Number of protein chains: 4
Amino acid sequence: MRPSPPRRPLVALPTDASARAKGRPRNAATDRAILDATRAALADLGWGGLTMGQVAVRAGVAKTTVYRRWPSKNELVVDAVADLFDDLEMADLGSLRADVEAVVHRFAALLSRPETQAALLALFAEGTRDPLLRRRIREAIVDPQKRLVRQGRTNAQARGELPPDQDEAAAREEVDLIFDTIAGAVEHRILVSGQPASESWVRRFTTLLLAPLSGLPPTPEQARPEQAGHRQA
Amino acid sequence: MRPSPPRRPLVALPTDASARAKGRPRNAATDRAILDATRAALADLGWGGLTMGQVAVRAGVAKTTVYRRWPSKNELVVDAVADLFDDLEMADLGSLRADVEAVVHRFAALLSRPETQAALLALFAEGTRDPLLRRRIREAIVDPQKRLVRQGRTNAQARGELPPDQDEAAAREEVDLIFDTIAGAVEHRILVSGQPASESWVRRFTTLLLAPLSGLPPTPEQARPEQAGHRQA
Amino acid sequence: MRPSPPRRPLVALPTDASARAKGRPRNAATDRAILDATRAALADLGWGGLTMGQVAVRAGVAKTTVYRRWPSKNELVVDAVADLFDDLEMADLGSLRADVEAVVHRFAALLSRPETQAALLALFAEGTRDPLLRRRIREAIVDPQKRLVRQGRTNAQARGELPPDQDEAAAREEVDLIFDTIAGAVEHRILVSGQPASESWVRRFTTLLLAPLSGLPPTPEQARPEQAGHRQA
Amino acid sequence: MRPSPPRRPLVALPTDASARAKGRPRNAATDRAILDATRAALADLGWGGLTMGQVAVRAGVAKTTVYRRWPSKNELVVDAVADLFDDLEMADLGSLRADVEAVVHRFAALLSRPETQAALLALFAEGTRDPLLRRRIREAIVDPQKRLVRQGRTNAQARGELPPDQDEAAAREEVDLIFDTIAGAVEHRILVSGQPASESWVRRFTTLLLAPLSGLPPTPEQARPEQAGHRQA
DNA sequence: GGATAAGCGAGACGGTACGTCTGGTCTTAGT
DNA sequence: ACTAAGACCAGACGTACCGTCTCGCTTATCC
């Protein structure tokens, strides 16, 4: 759960624990209720149908109380959705391929939830116009996922499947590339093409991703029709 | 430009040239004016700021006239944006790598236009809830791009860079995978991460895509720190 | 009923009967419904409880429709209340005293209606700050009453009870004085002191008003305890 | 300044000097600050613009503090305005006419102050619906003025200009009539008609009021155009 | 060439949500 | 007990668009 600082939810919050806030303190349970209501409303009504008033009603709270904590629908949804992404974790299953497949599956599962579907692209679309929102999205939603890529990399390096980083900047670019490719492909597959990230699709996609790692074709049982000597266009 | 049938712009349009419409015919220039106004408004105001009323005003046309031709903002924007994608073409530059890089560049250029940025993700987001809209998006925007992948494949097969298709279904799955990967990665890079698809990024991404094609490392100048010696391991 | 011109309800309305209004014409019945709803709401809820939303609901009309015709509560109430004053008429009962008593009674009756009570003073209070509103109140509500004084005067002059006007300006000042005195006294009696304008009170008040007309005491049956023998002292 | 009882400013205030209040005593200066702030805000913003919050801010005091002392805007304004009326006093200038003119002038001067204008009619309007408020207005504002009429009467009786009261009830009715007439006429002149109570107007109005006292026309220099034998309609 | 029919512009209309404001109550900490 | 500060609920505010409708007018084809 994103914290909900007294006045400026977007900036760094020193919250000088010493400086006790004046006046009546905010009800912490209200934050949870609002975020839950937001997710429920998103799943029910979609992005377009989501209104601050609806959220307030569902949370059993006055509209002003919602606005006091989140200045707009965008910020609110960022936080509501970010919660969903907090659960993502990198598995360490003993091989890079297994780890990648696992994370792709988890990401796909997340994108299949109605509240995520309703919110994610709409949020990205808004972020396109509003740099502040984009930054917030990045911090709350995108970067935590990027962390997974980094961690998977580190794990693989520890196992000797990948060489250690030599150039810091190059490593970062590599992570960005891998990340954009994974996230973009899965999102496009599920949200735009509207097809599920099936077992087989995930296997093929992982094969594509890992191809640079070996001059050899992947192990036979994963390589299906497309593998015969040439893999793709 | 999408044609604009008298009543049902979404379904097949017989337009039995024989059955001449009764009453006063529609002004064809109005279609163009509306679509242009839509794109301009998108670039200026973004998806959220775009309203049918604004479009009408900018097109110098009555609101009813817009509604008569497009039943809603969604449909209107699909058509307005689809026009932009009509220009995409597959180059035939003599090598698969060159062709891929070229098409990625063109796609990236398209996604950098303000009207595309404002519209594309928002449209996809709406499509998430409305299957009809999703189908329409697919037909008008996504599939034409998929065609590029198919064509690039065919070209490469003609050159001998790729083997001929053996299994129809497998080939289709292959195309889908490649397409989702390219489209998703570029969209994510530009629209979500907010970074340009630089020369270098495109090169590295293409290398990733084409890796399965060879047990050999890519040409030296593209091979940078991150893979040195490990591609073949 | 105050007319309700298409856009500027406050200014003179040429309404070049020739220049047919563009667009869909307003529904005339809606004007009536709104004004009726306003009076009903005033009587039920008082000035403070009256909201544009309530009026709209009671009139079975959208809030925007109310705002389209009257820009604010003030203007709306002016018109709604003005209707009530349209009924006031000067009787011609054969004597100035009878005429005055009749008009005072009618005015008092008007001020006893709940909708008038709720509205009149509140309206005057607002007029205190807003010169435009004051002018509008004067035109729609106050002046029509002043007309009664003038007409009563004319009638009395015709009967020979009053001498003809000699000085125009003086006559106007005289009318103003009489009018402010009558209106003010009745309003204060009913609305501030909260006591009814009883038969007896009206008689005594009329006596006070007409005293300057004669050096003689008023007719005996009206002269009651409070003046017996002392008027002439 | 109205005293400010610990809890119930509306009811009788025993303030048993013996019964010392528990806890921290109220700051008496705060009462003054709040009432001053109320008058200032009234003059600046008018009745409609006046809010408890505004008053609190201007008085440099917490909203709760205001509410603790005055349960609502109405009560607060009654007290704030009542202060203004405390200054009214009956002069004793040697003749009834002079006394009446003097008191009318003072009353008119009071009604010309912005804070009075903003408050008085609005208060009366509210009183129309709320009997408790009406009573409070009467006690705090209206009755003190009525006292002036009584006192003027007594003075005039002492001088022999008026006969002594014979019937208690009749005298009271007489006072009420005179009072409603004076107060009403001046209020209407200034607040509704929006014209000043000029020297000349006051003279003519006084003449009207005093006419019953003599069968003779008033002294020549006061009797202006309108006096020639007949005074008015 | 007059009937018929649709296109078109203008604006009324009933709705819904907006984001803000105020009122009045409450809940804290500090005096 | 009191003040100051601010959270909180409730609900009105006036505005913006929505998508539909009702007009008067125009512009075509068809009989």
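Lettering follows sequence order; numbering is per chain, from 1. This one's a predicted model, so the numbers in the text were calculated from it and none came from an experiment.
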- Message: I need the CG-C1' distance between C:Asp31 and E:dA12, as an integer number of Å.
- Response: 12 Å

- Task: Would you mind reading off the distance between C:Leu45 atom CG and F:dG11 atom C1', rounded to a whole angstrom?
- Result: 14 Å

- Message: Which residues pass the side-chain contact (heavy atoms from CB on, under 4.5 Å) test with B:Thr51, not counting sequence neighbours?
- Response: B:Gln54

- Residue list, side-chain contact (heavy atoms from CB on, under 4.5 Å) with D:Ala119, at least two apart or on another chain: D:Leu42, D:Val77, D:Val81

- Output all residues satisfying side-chain contact (heavy atoms from CB on, under 4.5 Å) with A:Ala59, sequence neighbours left out; order by chain, then residue number. A:Ala33, A:Ile34, A:Ala37, A:Val61

- Determine, for nucleotides 13-19 of chain E in 5'-to-3' order, which nucleotides have protein heavy atoms under 4.0 Å from the base (write B), from only the sugar-phosphate (write S), or from neither (write -). BBB-SSB

- Item | Spacing of D:Trp70 atom CH2 relative to E:dG23 atom C1', expressed in whole Å | 18 Å

- Got a sec, which residues hit salt bridge (Lys or Arg N to Asp or Glu O under 4.0 Å) with D:Arg58, two or more places apart in sequence or on another chain? D:Asp44

- Note on the structure: The side-chain contact (heavy atoms from CB on, under 4.5 Å) partners of A:Asp130 (sequence neighbours excluded) come to A:Leu132, A:Leu133

